[in-house]
Undergrad: 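Sharing a structure below in structure tokens format, with a few things to ask.
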Amino acid sequence: KALPWHGRAFNGYAGSLFSSGPYEKDDEEADAIYAALDKRMDERRKERRELREKDEIEKYRMERPKIQQQFSDLKRKLSGMSDEEWLSIPEVGDARNKRQRNPRYEKLTPVPDSFFSKHLTTGDKHTTVDPLQGLNLPGGLESPYPGGMTPGLMTPGTGELDMRKIGQARNTLMDMRLSQVSDSVSGQTVVDPKGYLTDLNSMIPTHGGDISDIKKARLLLKSVRETNPHHPPAWIASARLEEVTGKLQVARNLIMKGTEMCPKSEDVWLEAARLQPGDTAKAVVAQAVRHLPGSVRIYIRAAELETDVRAKKRVLRKALENVSKSVRLWKTAVELEEPEDARIMLSRAVECCPTSVELWLALARLETYENARRVLNKARENIPTDRHIWITAAKLEEANGNTQMVEKIIDRAITSLRANGVEINREQWIQDAEECDKAGSVATCQAVIRAVIGIGIEEEDCKHTWMEDAESCVSHGALECARAIYAHALQMFPSKKSVWLRAAYFEKNHGTRESLEALLQRAVAHCPKAEVLWLMGAKSKWLAEDVPAARSILALAFQANPNSEEIWLAAVKLESENNEYERARRLLAKARSSAPTARVFMKSVKLEWVLGNIEAAHDLCTEALKHYEDFPKLWMMRGQIEEQSEHNEKAREAYNQGLKKCPHSIPLWLLLSRLEERVGQLTRARAILEKSRLKNAQSPELWLESVRLEYRAGLKNIANTLMAKALQECPNSGILWAEAVFLEARPQRKTKSVDALKKCEHDPHVLLAVAKLFWSERKITKAREWFLRTVKIEPDLGDAWALFYKFETQHGTEEQQEEVRKRCENAEPRHGELWCAESKHVLHWQKKIGEILTQVASKIKNTF
């Protein structure tokens, strides 16, 4: 008997022989045992198998190495190539064949309509015998389909294409388009030849679904109309559908049918009036009024259709006879009248609509003072729950000079409204106060603020909430409201220095000098220990060039705050700025004996230094360092005085001594490094900066100086490497990112600036770098925007103001330059690398901010 595999060797069976039988628990156990055995055997062979596979792969790689490995030795040699060799490598030619390099565009030829009509019938069966068919055949006339006649198809079986209808549709579309653009006056056709075809394309449905959707919608709406003919939305929707498809007359007919079926529907009549042309629309509205004599919207529509003002008035008066309670009709009618007639109409309007606040207030505005008071009293009787009537009454009294009545009216308003169950909403009243402020009713605005400012606030939250309210009013331009809030807060918290300070800054920014000085006078009476308030008062007097008054304020401040460092130094500054150097010296000597501090000594040294008394300055500095050797500014001044005298060794010694006492003073390290660089000791300067970075980890200023040192030495590659390390150590440093942007080549700067903005979104140095970048690309508007953003975020950064001013001198008008200068003077910037180099220079110690600004701007070169 033949074996089933016909003599071939049997290599096993992969499937399960007993898969059809039931799978029981003992089968499951057997499978688990077999699986465990397989796993064990596989683990035993695993190491050998892996070794074998590894050997095979190595053997294969030796026989057939990767292209990357074949060229590895050549790639290593690339590291030694110069830029010239690299650039001299020839460009790779285009290796594609001629057909690929010069593709010939497919030519399309338009096919005539006859081609489609001829070929549509190719798949049809014939129902008639062609008389010429089969004449040459021996069998005579034969049917091409023997065995009987087949039923023919008069229309194409696969898809309809009626060329006649397409032609008609095209002609209709053309006619319609031409009629739209024709000039009815002269009879000539006015067509824009360029836009014509585009417009025509926009009229053709974009796909076949449009027409079928319209047909479906039409069918559905017809069904709705027939099912429920008294349903107004069905008629409106049907008319709008026809209007959209361009069948305006059909739409008009439909909507008129709708008015017959739904004569009491306001919407249907309004839609009919909208669709009909001028005179017909008037007739439709007249018909609508007969059916709906109480409809306000129809009367308003009737008035709108009239072009003559007298006709409009006539329509509205007729409407008011029928609907005398409509506020909207009264308002529309009053707007058309002259003031005297409007007053008469409004007096009738408030009788008909006694609950309309707007009508009462409009009447009060048109009446005389006495009559307006009566009108408002009547309004209060009719509408006891509306605050606007009370506020208008207060404004009326203020406008007529009765300011003492304003407070009483607002207080009575609060009491009366509460009695009538009205909740006093603080935010709404403050908003009303702001509106009064903008309208010029200052007394009313202040009375409202005083009345409602404390409503609904816990005692512990008062100060915080009131300060927020004041800032909100300032941002909305309601300065009198803010002033009233501060005045109330100061009454409640007379000993709070922070409230006085905020009020003082408000007056400084938005008030007059007199109002600021009056406020500060009250402030120092309540808070005599607040040095900053005394100093603000003295500065205000000094800026007004009233030096004796400033002196007297500082004298009073001395009495209240004996031995206060701030007041001593303010007095010294006042005298030195006014060229009273001897008085300043005497004051400083007195301060050193009675209230010796490091700052007092520093100012003493500075005064002698700027006046050119180098010896006196040196002696004072030595004396100061005996007492305050851990004050780094004294060491800096000593070193700089020595540098000025060209004693570089002594300067180096001063800096080194200072660094022993103050190893964490960054400016000291920078001064020492720059001294070494200036005398040509580049290696020593580099070593100093490395040492400083070890002692002051994560200091962006030191990293920046290191990068600039290499850049100034011409080692741009090392500078870039250092910058990368710096950004790793200080990833959120704005000054480093700003420098990194301009270390890049021009094409990469934009990308780097985006990275910088992601890391330091609100850092002024990064924003300034972006502004400079736009400036370098001559994008003037964008550059100006970014400069404005920078000075808004950090008005204390002098470099930003100087660059902004330089930018405006090149690209702006004189007005823009002056505005930047004024804003800079108000901001009084004190920081910035370029700014401090000028402002702290001993020769510029008496220069004003405007002068420093122009000097810094003149030294900026557009090298970026």
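Residues: numbered from 1 along the sequence shown. This structure is a prediction, so every number in the text was calculated from the model and none was measured.
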Undergrad: I need the minimum non-hydrogen distance between I666 and S699, along with the two atoms involved.
TA: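 Distance-wise, the nearest heavy atoms are CD1-OG, 3.5 Å.
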
Undergrad: Does the side chain of E468 pick up a donor-acceptor pair with the side chain of H464 at under 3.5 Å?
TA: yes

Undergrad: Please confirm whether the backbone N or O of L689 pairs with a side-chain atom of W669, one donor and one acceptor, at under 3.5 Å?
TA: no

Undergrad: Using the side-chain hydrogen bond (donor to acceptor under 3.5 Å, both in side chains) rule, take K463 and S498 through it: C-alpha gap first, then chi angles, then the decisive distance, then the call.
TA: CA-CA 10 Å; K463 182 185 151 193; S498 60; 2.9 Å; yes

Undergrad: May I ask you to decide if the ring planes of F493 and W466 are parallel, tilted or perpendicular, using 30° and 60° as cut-offs?
TA: tilted

Undergrad: Yes or no on side chain to side chain contact (heavy atoms under 4.5 Å, CB included) for Y486 and E507, after CA distance, side-chain angles and deciding distance?
TA: CA-CA 10 Å; Y486 281 127; E507 291 297 348; over 6 Å; no

Undergrad: Please report the C-alpha distance between R502 and E471 in whole Å, then the side-chain angles of each, then the deciding distance to 0.1 Å, and finally whether the salt bridge (charged side-chain N to carboxylate O under 4.0 Å, His left out) criterion is met.
TA: CA-CA 10 Å; R502 286 208 182 197; E471 283 172 18; 2.6 Å; yes

Undergrad: Is the closest side-chain heavy-atom distance between L702 and L670 below 4.5 Å?
TA: yes

Undergrad: For F807 and F787, take the angle between the two ring planes, folded into 0 to 90°, and tell me which bin it lands in: parallel under 30, tilted 30 to 60, perpendicular over 60.
TA: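 Geometry flag for F787 against F807: tilted rings.
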
Undergrad: Got a donor-acceptor contact below 3.5 angstrom from the R749 side chain to the E744 backbone?
TA: yes

Undergrad: Is the closest basic N to carboxylate O distance between E739 and R708 below 4.0 Å?
TA: yes

Undergrad: Working to the nearest 0.5 angstrom, can you tell me the gap between N732 CG and E761 CD?
TA: 12.0 Å

Undergrad: Kindly indicate whether the side chain of I485, heavy atoms from C-beta on, has any atom under 4.5 Å from the side chain of C473.
TA: yes

Undergrad: Just so I know, are the side chains of V791 and L797 near enough to count as touching, which here means a heavy-atom distance under 4.5 Å?
TA: no

Undergrad: Do R823 and L788 touch side chain to side chain, with heavy atoms closer than 4.5 Å?
TA: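 Yes - at least one pair of side-chain heavy atoms lies under 4.5 Å apart.
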
Undergrad: So which atom in S645 and which in I614 form the shortest heavy-atom distance, rounded to 0.1 Å?
TA: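 Closest pair (atom of S645, atom of I614, distance): OG-CG2, 4.0 Å.
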
Undergrad: Whether the side chain of S858 engages the backbone of Q855 through a donor-acceptor N/O pair (distance < 3.5 Å, no angle test) should be reported.
TA: yes

Undergrad: Any chance you could measure I641, atom CD1, to K650, atom NZ, to the nearest 0.5 Å?
TA: 12.5 Å

Undergrad: Could you walk me through whether Q657 and E653 pass the side chain to side chain contact (heavy atoms under 4.5 Å, CB included) check?
TA: CA-CA 6 Å; Q657 279 182 332; E653 188 186 336; 4.0 Å; yes

Undergrad: Is a donor on one side and an acceptor on the other found under 3.5 Å between the side chain of S665 and the backbone of C662?
TA: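 It does not hold such a pair.
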
Undergrad: Between A827 and P795, which heavy-atom pair has the shortest distance, and what is it?
TA: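 Residues A827 and P795, closest heavy atoms: CB-O, 3.6 Å.
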
Undergrad: So which heavy atom on L722 is nearest to which on W703, and how close?
TA: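 Minimum heavy-atom separation between L722 and W703: CD2-CZ3, 3.7 Å.
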
Undergrad: Taking ring pair (Phe, Tyr, Trp, His ring centres under 6.0 Å) as the test, write out the residues that go with H510, two or more places apart.
TA: F506

Undergrad: Could you go through the side chain to side chain contact (heavy atoms under 4.5 Å, CB included) check for F804 and R784 one step at a time?
TA: CA-CA 8 Å; F804 192 10; R784 187 173 282 117; 4.3 Å; yes

Undergrad: Is the shortest heavy-atom distance from the side chain of K822 to the side chain of E818 under 4.5 Å?
TA: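 SC-SC contact between K822 and E818 confirmed.
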
Undergrad: Could you measure the distance from the CG atom of D755 to the CG atom of L727? Nearest 0.5 Å is fine.
TA: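 If I round to the nearest 0.5 Å, the distance is 10.0 Å.
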
Undergrad: Report the C-alpha separation of L682 and L709 in whole Å, then their side-chain angles, then the decisive distance to 0.1 Å, and conclude whether the side chain to side chain contact (heavy atoms under 4.5 Å, CB included) test is met.
TA: CA-CA 8 Å; L682 198 67; L709 178 72; 3.7 Å; yes

Undergrad: Has T854 got a side-chain atom pairing as donor or acceptor with E851's backbone, closer than 3.5 angstrom?
TA: yes

Undergrad: Which heavy atom in A783 sits nearest to a heavy atom in A771, and how many Å separate them?
TA: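 Between these two residues, the closest heavy atoms are CB-O, 3.7 Å.
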
Undergrad: Determine the minimum heavy-atom distance between C824 and L853, stating which atoms define it.
TA: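 Smallest heavy-atom distance, with atoms named: SG-CD1, 3.9 Å.
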
Undergrad: Among side-chain atoms of R693 and S706, is any donor-acceptor pair under 3.5 angstrom?
TA: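 Result is yes, a qualifying pair exists.
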
Undergrad: Look at the side chain of Q817 and the backbone N and O of E808, then say whether any donor-acceptor pair between them is shorter than 3.5 Å.
TA: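 Answer holds: yes.
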
Undergrad: Measure from the side-chain N and O atoms of W635 to the backbone N and O of E629, and report whether any donor-acceptor pair falls under 3.5 Å.
TA: yes

Undergrad: Does W775 reach the main-chain N or O of V770 with its side chain, forming a donor-acceptor pair under 3.5 Å?
TA: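 No, because the side chain of W775 does not come within donor-acceptor range (under 3.5 Å) of the backbone of V770.
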
Undergrad: For H811, I'd like to know if atom NE2 has over 12 heavy atoms of other residues, nucleotides or ligands within 6.0 Å.
TA: yes

Undergrad: Within the 4.5 Å heavy-atom criterion, are P667 and P632 side-chain neighbours or not?
TA: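 The answer is no; the side chains never approach within 4.5 Å.
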
Undergrad: Are the charged groups of E480 and R483 less than 4.0 angstrom apart, N to O?
TA: yes

Undergrad: Can you run down the salt bridge (Lys or Arg N to Asp or Glu O under 4.0 Å) pairs that involve residues 792-805, sequence neighbours left out, and say none if there aren't any?
TA: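 Pairs touching residues 792-805 that pass the test: none.
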
Undergrad: Assess, by modelled atom type and distance only, whether the side chains of E643 and Y655 contain a donor and an acceptor separated by less than 3.5 Å.
TA: yes

Undergrad: Could you check whether atom CZ of R712 has more than 12 heavy atoms from other residues, nucleotides or ligands sitting under 6.0 Å from it?
TA: yes

Undergrad: Is a side-chain N or O of E729 found less than 3.5 angstrom from the main chain of Q698, in a donor-acceptor match?
TA: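 Yes; judged by distance alone, with no hydrogens or angles, the pair exists.
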
Undergrad: Between OG of S692 and CD of E701, what distance do you get to the nearest 0.5 Å?
TA: 10.5 Å

Undergrad: Indicate yes or no: does R652 engage E676 in a salt bridge with an N to O separation below 4.0 Å.
TA: yes

Undergrad: Would you say that more than 12 heavy atoms from the other residues, nucleotides or ligands in this model lie under 6.0 Å from the NZ of K806, or not?
TA: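 Yes, enclosed.
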
Undergrad: So do P764 and L767 actually touch side chain to side chain, heavy atoms under 4.5 Å?
TA: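 Counting from C-beta outward, L767 and P764 never come under 4.5 Å.
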
Undergrad: Does S839 use its side chain to pair, donor to acceptor, with the backbone of W835 at less than 3.5 Å?
TA: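 Yes, because the side chain of S839 sits within donor-acceptor range (under 3.5 Å) of the backbone of W835.
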
Undergrad: Roughly how far, to the nearest 0.5 Å, is the OH atom of Y711 from the CE atom of M723?
TA: 11.0 Å

Undergrad: May I ask you to say whether K859 pairs ionically with E838, meaning some side-chain N is under 4.0 Å from a carboxylate O?
TA: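 A salt bridge links K859 with E838.
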
Undergrad: Hey, could you give me the NE2/CZ distance between H627 and F601, rounded to the nearest 0.5 Å?
TA: 5.5 Å

Undergrad: Does any non-hydrogen side-chain atom of E642 lie less than 4.5 Å from one of H618?
TA: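 Yes - at least one pair of side-chain heavy atoms lies under 4.5 Å apart.
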
